[in-house]
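Each residue takes its place number in the sequence, starting with 1. Each ligand, and each atom within it, is numbered from 1 in the order the structure gives. Not measured: the values here are computed from a predicted model.
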Amino acid sequence: MHVVVVGAGPCGLLLTVRLAIAGIKVTLLEANNKLDDRPRAGIYAPCAVLEFMRAGVLDDVRAQGFIPDDIVWRAFDGKPVLEWKDSTQVAKPEAMTTLPQGMLGAIMYKHAVASPNVSVKFDHKVLNVHQDERQAWVKTQLPNGSQEDFYGDYVVGTDGANSQVRKSLFGDRFDGHTWNAQIVATDVYYDLHRFGYGDINFILHPEHYYMAARITRDGLWRVSYGEDTRLNAEECAANQPRKFETILPGNPKPGDYKLTRCSPYRIHQRCAESFRVGRVLLAADAAHLCNPFGGLGLVGGLVDVGGLSDCLIGLHEDKADDTILAKYDEVRRKAWHELINPISSGNFQRMGTADASSLPGTDPSMSMVKRANGDPAIKKDLDDSAYAICHDFTQYYKESTSSVKL
Ligand SMILES: Cc1cc2nc3c(=O)[nH]c(=O)nc-3n(C[C@H](O)[C@H](O)[C@H](O)COP(=O)(O)OP(=O)(O)OC[C@H]3O[C@@H](n4cnc5c(N)ncnc54)[C@H](O)[C@@H]3O)c2cc1C
């Protein structure tokens, strides 16, 4: 089998690694001349960490990353409103893990190119996708204007939010909505531990909400805050010092911290109408988007490609027939509509809470966290719910020998 994967983001790379291990030839096409290392995701829930294990990259991820401590929701003055410690996860190999997305991509790229089954083509921008009964193919454009076609048994679009593969299938249709909000993702050396902050903090406020998380071992923090939607990128950058002085504990001025990155972006809740059309498949941001609060965007994408890997490997090894791809579409879209979309929407709406101290009493999810902190049975249920978006596709193999731990 030969699969053409479009987009060398973390999800395209993880898919490439999994398929290559199974002996499938992969051509990975990337529009840019290098991997994207902008500040983006950085915290991976256990269901995504399971996918790192299955791809054989977890040891490298852990060697550079770390297991974060508690998650704390805080009022604007920094006072904790609610804490969550997942004690069982710390004891499990798939414990939640932190590593900046760019470093994750670099690790997976190293594993991908080590395989003789993989060919990575940078500077190949996919323009459109075609298929017939036997194969699927893409047309790419190179920086010098020349064009080249690539053929495979399947084409997978992991080409991100503006996916050209998705547009080739559905035009501009991408159901859902864009929030009336703008987020600025910054990376900054400013030690929030010394103000009593834990590794992952959600600070609730109608205007000045933000998420602050330590993302590297050497003390780099990701601070993602809400910004006025009327500001353009330059204006967001100009306003960043005022914002930090207003929102961060210690009211720091520019000399008090070292800012390494600052990227504004808009946030969306959107899902494609299908993740499969014949021999063309969609996964991760190409298939669905959600706001970043709670980290379900990339985590959902990594779980998609883990499942899609099992489907394609099943076809390659003649353990599954083509109906498994319909299952992939059905199961992954359902997971987005029934879990990822409502949970991530609630996460974002909670950020704007005016009276943070009332949260455990008024917000059903937060009330559950509060009760779980005092009741081991509820806590176990909540721990287990961290795996709800996982799905074992090997159960649809002709002779199910499922041994996948999901
Ligand atoms: C500023 C910012 C902050 C974020 N913060 C968080 C966060 O804190 N938590 C979280 O969970 N998520 C966050 N996200 C979202 C998260 O980064 C995405 O969910 C994740 O990158 C999705 O991975 P992916 O592999 O699907 O797509 P991407 O990482 O977007 O990769 C897609 C790749 O496809 C390539 N490509 C695009 N078009 C083509 C084409 N036509 N031909 C060939 N290649 C193409 C791109 O160059 C890119 O390399 C953030 C996003 C942004 C922009």
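- Against a heavy-atom cut-off of under 4.0 Å, Gln164 is close to the following atoms of ligand 1: 41 (N).
- Residue His124 has at least one heavy-atom neighbour below 4.0 Å for each of these atoms of ligand 1: 42 (N), 43 (C).
- The option from Gly102, Ala286, Ala45, Ala31 that lies nearest to atom 44 (N) of ligand 1, judged by heavy atoms, is Ala31.
- Remark: ligand 1 and Val126 share an N or O pair separated by less than 3.5 Å (distance only, no angle test).
- Remark: Arg242 does not engage Glu245 in a salt bridge, criterion side-chain N to carboxylate O under 4.0 Å.
- For the residue pair Gln269 and Ser344, a side-chain donor N or O sits within less than 3.5 Å of a side-chain acceptor on the partner.
- Between Arg40 and ligand 1, at least one pair of N/O atoms sits closer than 3.5 Å.
- Side-chain contact of Glu94 with Tyr387: a donor-acceptor pair under 3.5 Å is present, judged by distance alone.
- Contact atoms of ligand 1 toward Gly9: 25 (O), 29 (O), 31 (O), 33 (C), 49 (O) (distance under 4.0 Å to a heavy atom of the residue).
- No donor-acceptor contact under 3.5 angstrom links the side chains of Thr186 and Arg222, judged on distance only.
- The closest side-chain donor-acceptor pair between Gln164 and Asn128, if any, does not fall under 3.5 angstrom.
- Checked by atom type, the side-chain pair Asp191/Tyr257 shows no donor-acceptor distance below 3.5 Å.
- In terms of N/O distances under 3.5 Å, ligand 1 is not approached by Asp36.
- Of the polar atoms of Val299, none of the N or O atoms is found under 3.5 Å from an N or O of ligand 1, judged by distance alone.
- Residue Ala284 has at least one heavy-atom neighbour below 4.0 Å for each of these atoms of ligand 1: 26 (O).
- Per-residue contacts place Leu29 under 4.0 angstrom from the following atoms of ligand 1 (heavy atoms of the residue considered): 43 (C), 44 (N).
- Counting heavy atoms only, Asp285 comes closest to atom 15 (C) of ligand 1 of the residues Asp285, Leu296, Asn291.
- Proximity to Gly295 (heavy-atom distance under 4.0 Å) selects the following atoms of ligand 1: 11 (O).
- Between the side chains of Ser263 and Arg40, no donor N or O sits under 3.5 Å from an acceptor N or O.
- Checked by distance only, ligand 1 and Lys125 stay at 3.5 Å or farther apart across all their nitrogen or oxygen atoms.
- Between the side chains of Ser345 and Asn347, no donor-acceptor pair is found at a separation under 3.5 Å.
- Each of the atoms 42 (N), 43 (C) of ligand 1 lies under 4.0 Å from some heavy atom of Val6.
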Can you list, pair by pair, the side-chain donor-acceptor contacts under 3.5 Å of residues 148-157, counting residues two or more places apart and other chains?
from, atom 1, to, atom 2, distance (Å)
Glu148, OE1, His124, NE2, 3.2
Asp149, OD1, Lys139, NZ, 3.1
Asp153, OD2, His2, N, 2.7

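- Among residues at least two apart or in separate chains, ring-ring contact (aromatic ring centres under 6.0 Å, His included) pairs with a member in residues 211-235 are His193-Trp221.
- Within the 4.0 Å heavy-atom shell around ligand 1 one does not find Gly301.
- Every atom of ligand 1 with a heavy atom of Asn32 under 4.0 Å away is listed here by number and element: 47 (O).
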